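For reference, the structure is listed below as structure tokens.
Just so you know, ligand 1 is whichever comes first in the structure, and atom 1 is the first atom listed for that ligand. It should be emphasised that the depicted structure is a prediction, and the values quoted were computed from it without experimental measurement.
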Amino acid sequence: MKKSLFLFLLLNFFLSSFSSAQAQSCTGETFSGNRPLYAFCNSLLYLRASLHWTYHAVNGTLDVAYRAPQSASGWVAWAINPSATGMIGANAFLAFPDSSTGAVTIWTTQFHSRNPTVQNEGLSFPVYNREAEYASGFYTIYATLELPANSTKVNSVWQSSTQLQNGEPSGHPTYGDNTNSKEILDLLSGQTTAAGGGNSRQHRKNIHGVMNAVSWGIMMPTGVIIARYLKVFPSAHPAWYYLHIACQISAYIIGVSGWGLGLKLGSESPGIVHHKHRNIGITLFVLATLQVFALFLRPDKKNKYRIYWNVYHHTIGYLVIILSVVNIFKGFDILLPANKWKHAYIAVIVLMAAVAVFLEVFTWIVVLRRRSKKSENSQHSHGVSGYGVKQNQGV
Ligand SMILES: *[C@@H]1O[C@H](CO)[C@@H](O)[C@H](O)[C@H]1NC(C)=O
Ligand SMILES: *[C@@H]1O[C@H](CO)[C@@H](O)[C@H](O)[C@H]1NC(C)=O
């Protein structure tokens with residue numbers, strides 16, 4: 001019985017992954033009216049869109065169909081950029097619902113800035129035909145155009161968004177798929193290459209994400225757990241201190257490298273600023289650097305100022321951990337990796353929190369036992385800080 005249930009689930013899994021792989025292939029897509037199939041098609045890497053085209057070498061024209069999922073109240077766009085990769089300079093076809101009739105409209109427009117007011121205007125190359133339609137969750141844009149400079153390698157850019165203002169397309173998300181959606185397309189072969197180093201940029205964004213999640217988000221909290229829970233045990237002295245320092249210094253080195261990579265990535269896309277993520281990142285760098293240098297100013301444990309230093313060190317330390325976790329989640333929202341990465345990180349945090357709660361309870365039991373034992377032996381000596389262990393505290 002159990003075995004058949006397992007087989008049934010396994011079969012379902014394969015069938016569903018098979019059908020989703022099918023859905024991503026452009027080859028099965030058909031078009032309305034009596035449109036013949038196009039000579040080529042590509043399933044685009046982002047925004048689940050696809051592009052179909054036929055190139056006519058005799059007169060340098062292109063018949064193209066761009067299809068992308070979107071709600072009927074949103075908009076999609078496909079563009080050729082004759083002068084550069086990306087949005088600035090793009091000559092775009094935009095499909096969206098007419099604000100008064102609701103009928104699908106198609107406009108052509110040229111983008112000269114990052115925050116343009118979209119208008120229906122001529123393109124820098126002749127357009128012989130343009131149409132758009134909406135059916136079962138997908139927009140399709142049809143166009144016939146003359147390729148700029150008869151070039152068979154074109155910078156292609158595409159977009160999809162639900163943001164409209166006064167009934168006209170206006171703005172789109174500036175993260176994830178919506179910033180990666182560009183490529184250089186070879187119309188003769190159907191081969192694509194990443195535009196503007198897009199793939200290596202994506203790769204570096206992923207490296208930035210992994211480095212920072214591991215250093216700020218896992219190693220630093222682990223270092224805090226080591227310090228807080230190991231030092232109660234006299235036998236762990238002074239090992240806890242060196243473990244704590246080793247953990248935090250390596251986390252700091254990896255974290256600052258990941259932070260630097262983040263700043264570099266930010267400086268490479270001047271039009272897009274993730275203000276909160278950037279500001280929290282800079283704050284984290286300042287606070288963590290302060291922690292490292294405060295180490296050299298640490299008063300001796302017999303010094304009366306040592307307690308203030310401890311309060312300072314713990315406050316900044318916990319603040320760094322909280323801000324780190326917040327910023328890692330902000331990073332997830334920008335990078336939009338597959339959900340499994342976010343889930344894995346949540347699992348790690350929950351595990352660390354569970355370990356901390358367990359050790360907290362365990363430690364208090366140890367400390368309280370120790371106290372009652374001590375007060376049996378003598379009537380005084382409760383210690384000054386932490387868990388009441390005056391001896392062996394700190395180094
Ligand atoms: C456009 O380029 C193709 C090949 O690159 C060539 O065969 C064709 O004659 C050119 N057409 C025009 C109109 O220049
Ligand atoms: C370009 O050539 C194709 C194929 O011969 C033809 O179908 C199309 O009408 C031509 N377009 C123009 C604008 O001349």
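- Lys374 contributes atom NZ, which lies 15.5 Å from atom CZ of Arg369 (distance to the nearest 0.5 angstrom).
- Looking at His56 next to ligand 2, no N or O pair under 3.5 Å apart turns up.
- Atoms of ligand 2 lying under 4.0 Å from at least one heavy atom of Tyr128, given by number and element, are 13 (C).
- Distance check on atom 11 (N) of ligand 2: some protein heavy atom falls below the 4.0 Å cut-off.
- The protein heavy atom nearest to atom 5 (O) of ligand 2 is Val58 CG2, 3.8 Å.
- With ring centers used as reference points, Phe31 lies under 6.0 Å from Tyr38.
- Listed by number with element, the atoms of ligand 2 under 4.0 angstrom from any heavy atom of Thr61 are 1 (C).
- The aromatic rings of Phe296 and Phe293 are tilted relative to each other, their planes meeting at an angle between 30° and 60°.
- With a 6.0 Å cutoff to the six-membered ring centre and a 45° limit on the axis angle, Arg35 counts as a cation-pi contact of Tyr142.
- Using a 30° and 60° split on the angle between ring planes, Tyr345 and Phe329 fall in the tilted class, from 30° to 60°.
- Atom 6 (C) of ligand 2 has as its closest protein heavy atom Asn59 ND2, 4.2 Å.
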